[in-house]
Protein chains: 2
Amino acid sequence: MIRQSDKGNLKKLGANIKKLREAKNLSLRELSYACDIDNSKISKIEKGQINITFTTILQLAKALEISPSELLMTEYD
Amino acid sequence: MIRQSDKGNLKKLGANIKKLREAKNLSLRELSYACDIDNSKISKIEKGQINITFTTILQLAKALEISPSELLMTEYD
DNA sequence: ATAATTGCGGTCTAATAAGACCGCAGTTGA
DNA sequence: TCAACTGCGGTCTTATTAGACCGCAATTAT
């Protein structure tokens, strides 16, 4: 595993999440509270360090008040 | 883990993937070959039995020739 | 009939996400 | 000056995905 092209895609996803979080003026801890995901984990997600599951995507989307598909709205390789 | 509401969402995702696969007239093994995911795993995904990761979503979307966000184009709880 | 295809369930190992927690260094602002 | 907040990195355990493989029962050709 740990395909090389995946790393870039994970970073893109993370960057998108960070952008959306900042657009709502939320700190990591605030978003953490809103979606019940540890703030350090969100930090890792935004830096593309972990490969989150579908349900984690749903949690984040809900807290960011957007649709799950909007969360993935980016170009991937 | 294994939140109860997640089960329903996983089934919805699976149903959507199955619909998309059938729309392209692909068997499990054909899709399996196209995205390099074991056919038995795809079967489990379609039945909502596993919580796939982001990269698996990308693989499926690519093989189904749709965008990742389109793959999630459904309503979730 | 019979051979191939298909969906699906189960098995086993290794890798890793989930989840919870700690603490630091660098802002920010009272 | 000091307290609060912020991003972020690391740790530890447990649950689960990933990945590869086997085989059956039912369906679908040939």
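Naming: A, B, ... by sequence-line order, numbering from 1 per chain. When reading the values below, keep in mind they use all heavy atoms of this one structure, side chains included, and skip hydrogens, waters and symmetry mates.
- Taking side-chain N and O atoms only, Ser43(A) has no distance below 4.0 Å to OP1 or OP2 of dG7(D).
- As a whole-Å value, the separation of Arg3(A) CZ from dA15(C) C1' is 15 Å.
- Remark: C1' of dT17(D) and CG of Asp6(A) are 14 Å apart, rounded to the nearest angstrom.
- At a threshold of 4.0 angstrom between heavy atoms, the contacts of Ile37(B) with the nucleic acid are absent.
- The interatomic distance linking Glu46(B) (CD) with dT6(C) (P) rounds to 13 Å, in whole Å.
- Comparing Lys47(B) and Asp36(A) along DNA chain C, the residue whose closest nucleotide (by nearest heavy atom) sits nearer the 5' end is Lys47(B).
- Between Asn51(A) atom CG and dT16(C) atom P the separation is 9 Å, expressed in whole Å.
- Here dG7(C) is the nucleotide among dC8(C), dA18(D), dG7(C) with the atom lying nearest to any side-chain atom of Arg21(B).
- The side chain of Thr53(B) approaches dA18(D) more closely than any other nucleotide in the set dC8(C), dC8(D), dA18(D).
- Nearest-nucleotide mapping onto DNA chain D: of Leu28(A) and Ile50(B), the residue sitting toward the 5' end is Leu28(A).
- No donor-acceptor pair closer than 3.5 Å links the side chain of Thr53(A) to the backbone N or O of Thr53(B).
- The CG atom of Leu31(B) sits 16 Å away from the C1' atom of dT5(C) (whole-angstrom rounding).
- For dC22(D), the base has no donor-acceptor partner in the side chain of Ser40(B) [N/O atoms by modelled type, under 3.5 angstrom].
- The nucleotide whose nearest atom lies closest to any side-chain atom of Lys41(A) is, among dG7(C), dA20(D), dA18(C), dA18(C).
- Note: CG (Asp38(B)) to C1' (dA18(D)) measures 10 Å, nearest angstrom.
- Side chains of Met73(A) and Ile66(A) form no contact here, defined as non-hydrogen atoms less than 4.5 Å apart.
- For Lys44(A) and dA18(C), the shortest distance from a side-chain N or O to OP1 or OP2 is not below 4.0 Å.
- In this structure, Asn39(B) reaches the bases: a heavy-atom distance under 4.0 Å links it to at least one base atom across the strands shown.
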side-chain contact (heavy atoms from CB on, under 4.5 Å) assessment of Asn9(A) paired with Thr55(B): CA-CA 8 Å; Asn9(A) 289 329; Thr55(B) 57; over 6 Å; no
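- Rounded to whole Å, the distance from CD1 on Ile57(A) to P on dA17(C) is 12 Å.
- Contact check, Gln49(B) against dG9(C): a side-chain N or O comes under 4.0 Å of OP1 or OP2.
- In this structure, Ile42(A) atom CD1 and dG9(D) atom P are separated by 14 Å, rounded to whole Å.
- A 6.0 Å sphere centred on NZ of Lys62(A) holds no more than 12 heavy atoms belonging to other residues, nucleotides or ligands.
- Listed nucleotides: dA18(C), dG23(D), dG9(C). Nearest to the side chain of Arg29(B): dG23(D).
- Side-chain N or O atoms of Asn16(A) include one that pairs as donor or acceptor with a backbone N or O of Leu71(A) at under 3.5 Å.
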